[in-house]
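One structure below.
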Amino acid sequence: PPPWFSPDTGIYTSKHPSVHLPVDPHLDAASALFSHIHTIDDPNSAAFVDSLTGFSISYTELQVMVESIAAAIHRDLGVRQGDVVSLVLPNSLYFPLLFLSLISLGTVVTTMNPSSSLGEIKKQVSECNVALAFTSRESVAKLASLGVVVIRVPESYDLDSVRVENPKFYSIIKGGFDFGSVTKPLVKQDDVAAIMYSSGTTGASKGVMLTHRNLIASMELFVRFEASQYEHPGSSNVYLAALPLCHIYGLSLFVMGLLSVGSTIVVMRRFDVSDVVDVIERFKITHFPVVPPMLMALTKKAKGVCGEAFRSLKQVSSGAAPLSRKFIEDFVGTLPHVDLIQGYGMTESTAVGTRGFNTQKLRKYSSVGLLAPNMQARVVDWSSGSFLPPGNRGELWIQGPGVMKGYLNNPEATEMTIVEKSWLRTGDIAYFDEDGYLFIVDRMKEIIKYKGFQIAPADLEAVLASHPLIIDAAVTAAPNEECGEIPVAFVVRRQETTLSEQDVISYVAAQVAPYRKVRKVVMVSSIPKSPTGKILRKELKRILTNCVSS
Ligand code: 4UV
């Protein structure tokens, strides 16, 4: 057997040398991040740039602003250690400023997609006991109607206009607050820093408790380690941040990790392929992390554009959902000078998992890469429970400092997901090849991945069940070339009703974020279930295949 696999324990160890993680038990993730900033070649280089206006924040300014905003939030808003504050924000430079300020205070941040519906916000606000929220204009009323104290975050970076239009926010952001004037709370690495939402292997979406230690692990093992593998220093890289910062993939890269290596991060409010070429050219983007639909859109666009526009681009990394061979071949054929890799991780692992690593000799585009340092894995046969050697497919389990503390207020779900004390069941079916590269081949968990976003069938089933004319319903994924997967609802309607497929689609759309809406409805006479009442999802998939082929 290879040295990185033990047949006795069934454990795969990372092929990378292990990385030293800070041992001080009292350390918050923002301070851990800033402890690296003195190593940056030019502290006056831009940490963040707004893709629309070119407004930028340097590394020196970033650190001063984070301290000042933290002091203002503590002093003016009375936010204290352990309080839960929500960020319901689209991508902006204010997002990382607020996130880092809040966690440096020992405050717990819970992020929500800015397109969340009132019902979705209500669930998260009540589960996390949110006391205060920072949000954009669109969500102010929703949050306020739930009794949450709301601070509106402007779109503008022009402080003069912010002062006039939004004095409350201005007073927090204007600077000049001295952190020395407040007693800095003692934050432990084991304290919860963020609560992100994921449905895990089954059921409704749940709060994933990530500690400061988890965020530090993500910064060190995922981002800093990768940067250390390349000859050029991370500070010469310019990243395009078009992934949502509210999701673990964008958060771990653009709000935490990349700052510690001094890269410049160009923030796009949202991914828009018609602007992307211009942004890449204008800001000389070198690295672009994407989800598969973005890769497809980029490739299509690149075909019609002169190659010069992409000259600066060195690496595109894709993650969050499977990348088809067709997308890979299309991309590599169109932009052969750009290195394409895949990464794999989960909310529950703080995005720590595997990353691709191409060399002159070895290019495995379909692989999600090698296990991150300090991480271990097992591949488990789902019928016998035995641990499988390289070349065999089974459920992937991972273990290491990226793994979450647990699900919020849900010990049962935590126990089902973190097994044998410390192993995270990923719900993904995977195998390692003879070189230790991981391949994700299927998913045994219920989640649907729409453009890389999670959708929990159970969440949509609860919405469907609330319709008076629906007797029973179940949701599953249908494959879709552009989006990866789309949610399809199987609906048993009351006899003699005129409820149409479109009625069902509209009913759900009114209650969920746009990306989570049901996109196809199949009327059935009953939902296939096991004797214990569990929805037989494989059977639903079979019915769906038959509908498409007939
Ligand atoms: O919880 P989540 O929504 O989290 C993510 C995380 C994406 C990351 C993390 C680190 C990276 O380096 C990176 O490139 C991407 O999406 O969903 C977790 C589930 O998404 C699927 C898989 O089912 C996970 O359990 N998934 C994530 N990455 C891939 C993937 C991939 N490369 N290929 C196939 N499925």
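These numbers come from the heavy atoms of this one structure, side chains and all, not from hydrogens, waters or symmetry mates.
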Side-chain donor-acceptor contact under 3.5 Å, [X] with [Y]:
X	Y	answer
S115	N113	yes
T211	N214	yes
T110	Q124	yes
E329	Y365	no
S199	E446	no
N237	Y230	no
H36	E220	yes

Backbone N/O of [Y] and side chain of [X]: donor-acceptor pair under 3.5 Å:
X	Y	result
K449	A320	yes
S312	I285	yes
S14	L371	yes
T426	L396	yes
S6	I11	no
S18	N374	no
T111	L87	no
D435	Y437	no
E348	T417	no
N410	A413	yes

State, yes or no, whether a side-chain contact exists between [X] and [Y] at a heavy-atom distance under 4.5 Å.
X	Y	value
R269	L52	no
V290	F331	no
M219	L21	no
V379	N392	no
V49	V238	no
L102	F134	yes
V276	L240	yes
K451	E482	yes

Could you tell me whether [X] atom [atom1] has more than 12 heavy atoms of other residues or ligands within 6.0 Å of it?
X	atom1	value
R270	CZ	no
K314	NZ	yes
E155	CD	no

State, to 0.1 Å, how close [X] and [Y] come at their nearest heavy-atom pair, and which atoms those are.
X	Y	answer
E395	W382	N-CE3, 3.8 Å
S92	V267	N-CG1, 4.0 Å
T354	V368	OG1-O, 2.9 Å
A456	S205	CB-N, 4.1 Å
F95	P90	CD1-O, 4.2 Å
F357	Q229	CE1-CB, 3.9 Å

### Worked verdict on C128 versus L408 for side-chain contact (heavy atoms from CB on, under 4.5 Å)
CA-CA 8 Å; C128 297; L408 178 70; 3.9 Å; yes
#### Entry: Candidate pair F327 and T299, rule side-chain contact (heavy atoms from CB on, under 4.5 Å), full reasoning
CA-CA 8 Å; F327 281 17; T299 312; over 6 Å; no
### Message
Does the plane of the ring in F288 sit parallel, tilted or perpendicular to the ring in F271? Use 30° and 60° as the thresholds.
### Response
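Correct class here is tilted.
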### Task
Hey, can you tell me if F432 and Y12 have their rings parallel, tilted or perpendicular (30° and 60° cut-offs)?
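Parallel.
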### Task
From the options K300, K303, K301, select the one residue that forms a salt bridge (Lys or Arg N to Asp or Glu O under 4.0 Å) with D330.
K303
Return the [atom1] to [atom2] distance between [X] and [Y], rounded to the nearest 0.5 Å.
X	Y	atom1	atom2	result
L424	M375	CG	CE	8.0 Å
I37	L259	CD1	CG	6.5 Å
R355	H16	CZ	NE2	10.5 Å
H337	R311	NE2	CZ	9.0 Å
M404	M346	CE	CE	7.5 Å
Q315	I341	CD	CD1	4.0 Å

### Task
Would you please test R393 and D442 for salt bridge (charged side-chain N to carboxylate O under 4.0 Å, His left out) and show each step?
CA-CA 10 Å; R393 300 170 171 206; D442 203 353; over 6 Å; no
### Query
Would V380 and F387 satisfy side-chain contact (heavy atoms from CB on, under 4.5 Å), going step by step from the backbone distance to the final call?
CA-CA 5 Å; V380 185; F387 303 131; 3.8 Å; yes
### Query
Checking side-chain contact (heavy atoms from CB on, under 4.5 Å) for the pair T107/I73: CA distance, chi angles, key distance, verdict?
CA-CA 10 Å; T107 303; I73 288 173; 5.8 Å; no
### Task
Determine whether the aromatic ring centres of Y157 and Y94 lie less than 6.0 Å apart.
yes
